[in-house]
Amino acid sequence: MPAYRSDTQRLHARAQRAELTQPEKALWSALRNHRFHGLSIRRKSPIGPWIADFVIPARRIAICIHPETTGTGQDHPPPSALERLGYTVLRPSAADLAPDTLPLFLRHLSRKVTQ
Amino acid sequence: MTDRAYNFAYLDEQTKRMIRRAILKGVAVPGYQVPFASREMPMPYGWGTGGVQVTAACLTPEDRLKVIDQGADDTTNAVSIRKFFQRTADIATTEATSEATLIQTRHRIPEQALTEDQILVYQVPIPEPLRFLEPRETETRKMHELEEYGLMHVKLYEDIARHGHIATAYAYPVKVEGRYVMDPSPIPKFDNPKLSDSPALQLFGAGREQRIYALPPYTHVVSLDFEDHPFEASKAPHDCDLCGASDSYLDEVITDDRGSRMYVCSDTDHCRSRRAAGFTGRLGTPLATEAAE
């Protein structure tokens with residue numbers, strides 16, 4: 001039984017990983033490779049029928065960048081649905097992930113992770 | 001090569017005529033597997049070459065095509081076949097079951113009831129229901145000829161002996177008009193009752209096996225069973241988590257590493273239209289609210 005819903009979702013997630021937006025790239029470079037609290041973090045991760053921008057499975061945290069900046073689509077998870085699945089959902093905007101504000105967001109995320 | 005270099009719907013007119021003759025014969029003898037000279041198609045066997053050829057033979061420029069793969073309009077196979085016909089036949093396509101005049105499907109029957117104006121084309125991998133019981137084609141043909149279907153009942157009985165119930169969950173054999181045993185293609189047995197007395201014409205195409213068979217509208221189709229083990233159209237005992245439907249066939253999707261799962265309608269159009277109408281399930285939000293989020 002696949003964790004993704006269909007081949008298309010898997011391919012779509014893969015395509016999205018290859019075309020990250022600038023804010024996504026900035027956040028990913030801060031989180032990837034176990035750099036953030038040694039945690040394993042996934043980008044563009046399928047959850048049910050949706051694709052979340054970033055997921056920290058060990059802490060059940062999903063980061064969904066505000067769709068104004070990443071584009072909406074059927075894949076974009078409604079935060080309320082993820083919350084009902086038990087995820088803590090963070091919804092930064094693109095401005096929150098700009099080079100000068102990114103450390104603030106990471107501090108906020110750090111608090112959520114260590115809670 | 002430009003798109004105009006293709007004949008309408010890719011196949012040449014002679015081939016389409018040949019396929020239409022096979023379809024007519026199939027319609028005249030419901031459930032009988034009609035051999036036809038399957039052509040090489042620009043896709044591998046197993047990707048719906050039979051269904052595509054039947055669709056190509058039935059398409060007219062006025063048709064509106066819908067293609068589904070396991071109920072979903074957005075999977076790779078469905079998207080590719082839809083694009084193929086858009087390119088070679090320049091026809092209109094749709095994802096709405098009610099708007100389509102011709103629906104090509106892989107392994108599902110749409111949840112919404114079909115009408116007399118619609119044709120449902122199935123992609124069939126193995127058209128012979130007796131194939132795994134008797135590997136010789138000459139023998140299976142003879143068995144169909146003599147209506148010798150005891151072996152199929154033995155197979156179902158062995159299921160009961162082993163599992164306590166008939167464990168066949170898909171490609172569940174059916175008897176058409178009390179005569180031919182037919183493989184309904186690998187649709188879940190949940191869909192079997194929809195085969196019977198359907199107002200739509202149902203055509204089955206198997207490209208690799210070079211067989212076409214058909215169910216004309218309002219054909220009586222019965223799933224094989226026993227008096228003490230009647231046929232049951234089973235599904236996961238849940239409601240759709242997005243639209244709340246309790247009567248639709250569901251896909252089970254894992255949502256995290258701890259084995260949590262959710263159930264969503266396999267028929268994406270059905271689920272979307274229910275959500276658009278305001279129905280919601282355990283995890284769903286109405287489409288309008290979701291757009292606002």
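- Salt bridge status for A/R43 with A/D53: absent, with no side-chain N to carboxylate O gap under 4.0 Å.
- B/E99 and B/T94 form a side-chain donor-acceptor contact under 3.5 Å, judged by distance and modelled atom types alone.
- For B/S260, the part lying near chain A is the side chain, with the backbone staying farther off; criterion is any non-hydrogen pair under 4.5 Å.
- Counting only distance, with no hydrogens or angles, the side chain of A/R42 and the backbone of A/A52 share no donor-acceptor pair below 3.5 Å.
- Taking the six-membered ring where tryptophan is involved, the planes of B/Y249 and B/F190 are tilted, since the angle between them lies from 30° to 60°.
- Both the backbone and the side chain of B/D256 come within contact range of chain A, with heavy atoms under 4.5 Å apart.
- When the heavy atoms of residues 55-64 of chain A are compared with those of chain B, the residues falling under 4.5 Å are A/P57, A/A58, A/R60, listed by number.
- Of the residues considered (B/L283, B/V79, B/D257), B/L283 shows the highest number of contacts with chain A, using heavy-atom pairs under 4.5 Å.
- Checked for salt-bridge contact, B/E232 and B/K189 miss the test: no charged N lies under 4.0 Å from a carboxylate O.
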- Message: A/Y87 vs A/I47, test: side-chain contact (heavy atoms from CB on, under 4.5 Å). Steps then yes/no.
- Response: CA-CA 10 Å; A/Y87 284 89; A/I47 300 179; 3.9 Å; yes
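- With hydrogens and angles disregarded, no donor-acceptor distance shorter than 3.5 Å links the side chain of B/D191 to the backbone of B/P188.
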